[in-house]
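Each remark here refers to the structure printed beneath this line.
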Amino acid sequence: SDPPLMLEVKLMFADHTRSSRGKEETPSTPSMMGASDFIKVSEQHLQLTGVLSGVHAYCPVTFDEYHFCRVGLMAHSTLVDFRLRLPSGLPRGSASGNNFFLLADALTKLARGVQRRQTRPESGTEHPAAEGVAEQQTSTATKILPSSGGEDSIKPLCSARETSGRAATASTTLADAVSCIRNECLNRLVEAHSRLSNFLVVLSKHQRLTPELLPRLAQVQLPDYQPPVMAGQVATGTNDALSDDKRPIGWRPGGTATPRQTDAIAAARWLADDVSIVSAQVLDIWQQLLQAVSRSLPDVTMMLYDDWDKKCNELWSEGTYCRTIPGSEMSHPADKEVWLAHSQLATELRGSHHFRVRRHVIEDLSLSVSEHGQPIVFEQRYEHANDTNGEQVLQAAKTNYSRGEVPRPPGAGSTPTHPPGCGVSPRCPPHDVTGSVNSRSARPYSPRANNPRSYLGIHVVVLVHGFQGQSFDMRLIKNTISLLHPQGLYHLSQANEHDTEGDIEEMGERLAEDVRAFLKDWCPGSPPEPSLGRLSFIAHSAGGLIVRSALPLLSEYRNKMHMFMTFSTPHLGYMYAANPLFSAGLWVLKKFRKSECLEQLSMTDNPDRADTFLVHLSEKPGLEFFRHVVLVSSRQDQYVAFESARIEMSKEAERDPKFGQLYAQMVNNLLEPLDVERVIRLDVDFQLPVMNCDTVIGRTAHIQFIECHTLLRGIVQ
């Protein structure tokens, strides 16, 4: 396979209010600044694969969370020519003596390398050529060239008699070598020409160009094949003497093939001339492609972005299992230990031979992860259905999962239906006065930002940190979402950064005031200022409870609320903690820190548990405001009970005669107002190879929800 090409993208920064030149005067405008005023603040490394096979790809480049910005990178490459480097010091003229064998040795070694590449391809790789051409390349390599004295070596000359006897054999070998090299070079150039032509055709269809603007494409013209005849060989046969599967490129059926009497040096020149003829045609169509890309940059970017987005879906869906469950199980699941089936499926998937992480043509090395380290996600949706027998449901829990195709909400990713030329998206660019597509439109361009939406206004996403956290904890989630949805407006709430150990209800009040002030500043709604289109909340850990506490105070926006997503939030508290070590640590913190928040989470803030904060919070409205409620959890997270993060009945609660009924009441209070089709549960199985204290107490998985870029990218995608 082609060796990868490493790309290094640097983010440069310059403060136009100061100069690095050491002078008192500062540049008045950024245009007056020089290269010395810029410093590198971040860099990203990318890997470009398949460069020689032809690349037409798009990749958004981002940097670290301290310097988040997005740069659209588009790469085009093709094979345009071969450079045949022969041994230096060979004189022109006679092919006799050592010069003949030096050149013959070089060409023969090159031909053997070609044959090894054709007959022994790497396992698991796909040949970039078209099927017909690939068969032709394979058929031309059926004759293995002999080697005298090792695989890639020629024995030195000993005597004139030996030289005369070896000349005939070497001539035959050299003729075969020249034909083999010629076929390989021309085949690959023809493939490059075909791929460039196909890309221009696809681009033309995407643009809906008028006939006069279509690129002028022609079939590649191949040079006629004249078999080389070396010293000691006899020219025999016609064009029809060879079977169809052994005819080299340029061999025209019917008639007699004119042999070419030549020596070794002349054969090398003839080989270079034939390659140059085809190379010139590849360069011509390459120039046409460069002109088309520069002329229609938004359309090319949109087309390649769609391809990148599709491949992203395929990549992340490799590690996602999906299952639809009857709505009757939303609060009381038939399988109370569903994580066991999930863990078994994740282990089998990681150990299977067919599981592999698909790579992009342009690979962001900061996001690359091996198949053994990729988180496995289990998505559970609910539907209205008749009651099902518990045993049947329990058996289906292990068999009714599908993998490889992630279902998407209605309308997500679907092709919009609107009249051509309406200008809504790059797929329907505006027309100019002549009726042709105006590909030089100066309108602002962003792939997802120009997609038509089913709502008017701005989609505001509020991100809320958890206990003893800060707004920076949610920056990676914000950056990941804004990468794929740049048209949204994202707010990292700082309302409770300095106090997360107080009353959750008071923290909810501060959050509500913070959200209301943010919307007033950024979405006032009075023209020409933008209005609020959607309002979503994403929270980690205790932040989900803070959001729920704030929702009744934001009821004026209930018609705008779209999605509520929580990562490992203890919605039902710590009544049934899964880890004894965590329970002990929680008791110590409550004892010495006097944390009101932890008292409320443990449901010990009131002697009567039926009168605790979490019970009253479950009775307040909020979740029913949203169209989508996404609950993300992991059994490996021992900080938060699995069922508490999923808002479902647990096995321990069913066995508890004292508080089990209260636990069930909280579950029903939260889920009964919701339509079952609005709820999505995501169970994540992490690969945690390092065993340390954080892993034992479950903190590692708890933090992975906001630090695992691969997981966040997959969920957002």
Side-chain angles (χ1 to χ4, degrees), residues 322-336 338 378-388 393 407-412 454-455 459 461-462 464 504 508 512 534-540 542-573 575 613-633 640-650 653 661-683 715:
C322 306
R323 178 173 174 238
T324 302
I325 304 175
S328 58
E329 290 190 59
M330 189 169 68
S331 58
H332 292 71
D335 185 5
K336 297 297 191 298
V338 68
F378 296 86
E379 177 184 300
Q380 293 180 330
R381 295 175 181 263
Y382 299 86
E383 63 180 358
H384 296 284
N386 297 328
D387 292 339
T388 309
V393 172
R408 310 186 74 172
S454 59
Y455 62 94
H459 189 170
V461 180
V462 181
V464 183
I504 296 179
R534 285 177 174 175
L535 179 61
S536 297
F537 290 88
I538 300 177
H540 176 248
L545 295 174
I546 299 174
V547 174
R548 283 177 47 200
S549 181
L551 291 178
L553 306 177
L554 298 172
S555 58
E556 66 267 29
Y557 302 109
R558 62 182 302 166
N559 294 330
K560 301 292 186 179
M561 292 186 182
H562 180 67
M563 183 191 69
F564 175 70
M565 175 182 286
T566 60
F567 290 89
S568 194
T569 291
H571 292 282
L572 304 175
M575 187 182 299
F613 170 77
L614 287 185
V615 175
H616 292 307
L617 182 61
S618 68
E619 298 171 349
K620 295 181 180 180
L623 296 186
E624 62 270 22
F625 298 165
F626 297 93
R627 295 181 58 188
H628 304 284
V629 176
V630 184
L631 306 173
V632 187
S633 60
V640 178
F642 184 70
E643 296 83 3
S644 182
R646 292 166 58 90
I647 314 182
E648 66 181 12
M649 199 64 182
S650 67
Q661 189 63 31
L662 180 62
Y663 191 93
Q665 177 186 341
M666 295 172 59
V667 173
N668 293 332
N669 289 343
L670 291 172
L671 297 183
E672 276 187 358
L674 299 179
D675 188 324
V676 296
E677 295 183 350
R678 296 188 179 187
V679 178
I680 302 174
R681 288 187 171 116
L682 301 179
D683 178 22
I715 292 178

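None of these values were measured; they are calculated from a predicted model.
When every heavy atom of Phe613 is checked against every heavy atom of Ser549, the shortest pair comes out as CZ-OG, 4.3 Å. Of all the heavy atoms in His459 and Ser536, the pair that sits closest is NE2-OG, 2.8 Å. Nearest heavy-atom pair across Tyr382 and Val676 is CB-O, 3.4 Å. The minimum heavy-atom distance linking Ser633 with Ala645 is given by the pair CB-CB, 3.7 Å. Nearest heavy atoms, Gly508 versus Ala550: O-CB, 3.2 Å.
By the ring pair (Phe, Tyr, Trp, His ring centres under 6.0 Å) test, Phe564 pairs with Phe626, sequence neighbours left out. Under the side chain to side chain donor-acceptor pair (under 3.5 Å) criterion, Glu556 pairs with Arg516, sequence neighbours left out.
Side-chain contact between Thr566 and Arg548 is absent, with no heavy-atom pair separated by less than 4.5 Å. For the pair Leu551 and Phe537, the minimum side-chain heavy-atom distance is below 4.5 Å. At least one side-chain heavy atom of Leu545 sits less than 4.5 Å from a side-chain heavy atom of Thr569. For the pair Met649 and Tyr663, the minimum side-chain heavy-atom distance is below 4.5 Å. Counting only heavy atoms from C-beta outward, the side chains of Met561 and Leu554 approach each other to under 4.5 Å. Contact check for Met563 versus Val461: no side-chain heavy atoms found under the 4.5 Å cut-off.
Remark: Arg381 does not engage Glu383 in a salt bridge, criterion side-chain N to carboxylate O under 4.0 Å.
In this structure, CE in Met565 is found 5.5 Å from CD1 in Ile538, a value given to the nearest 0.5 Å. To the nearest 0.5 Å, atom CE of residue Met330 and atom CD1 of residue Ile647 are 9.5 Å apart. Atom CD of residue Glu329 and atom CD of residue Gln380 lie 9.0 Å apart, to the nearest 0.5 angstrom. Distance CG/Leu617 to CD1/Ile546: 11.0 Å, rounded to 0.5 Å. Taking OG of Ser568 as the start and NE2 of His540 as the end, the distance is 6.0 Å to the nearest 0.5 Å.
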Audit row: Ile325, Arg681, side chain to side chain contact (heavy atoms under 4.5 Å, CB included) steps and yes/no: CA-CA 11 Å; Ile325 304 175; Arg681 288 187 171 116; over 6 Å; no

Checking side chain to side chain contact (heavy atoms under 4.5 Å, CB included) for the pair Leu614/Met575: CA distance, chi angles, key distance, verdict? CA-CA 11 Å; Leu614 287 185; Met575 187 182 299; over 6 Å; no

Does Arg678 form a side chain to side chain contact (heavy atoms under 4.5 Å, CB included) with Leu623? I'd like the steps, not just the answer. CA-CA 10 Å; Arg678 296 188 179 187; Leu623 296 186; over 6 Å; no

Output side-chain donor-acceptor pairs under 3.5 Å for residues 665-674, partner residues at least two apart or in another chain, one line each.
from   : atom 1 : to     : atom 2 : distance (Å)
Asn668 : ND2    : Ala664 : O      : 3.2
Asn669 : ND2    : Ser618 : OG     : 3.3
Asn669 : ND2    : Gln665 : O      : 3.2

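Remark: side-chain polar atoms of Ser644 are paired, donor with acceptor, to backbone N or O of Gly573 under 3.5 angstrom.
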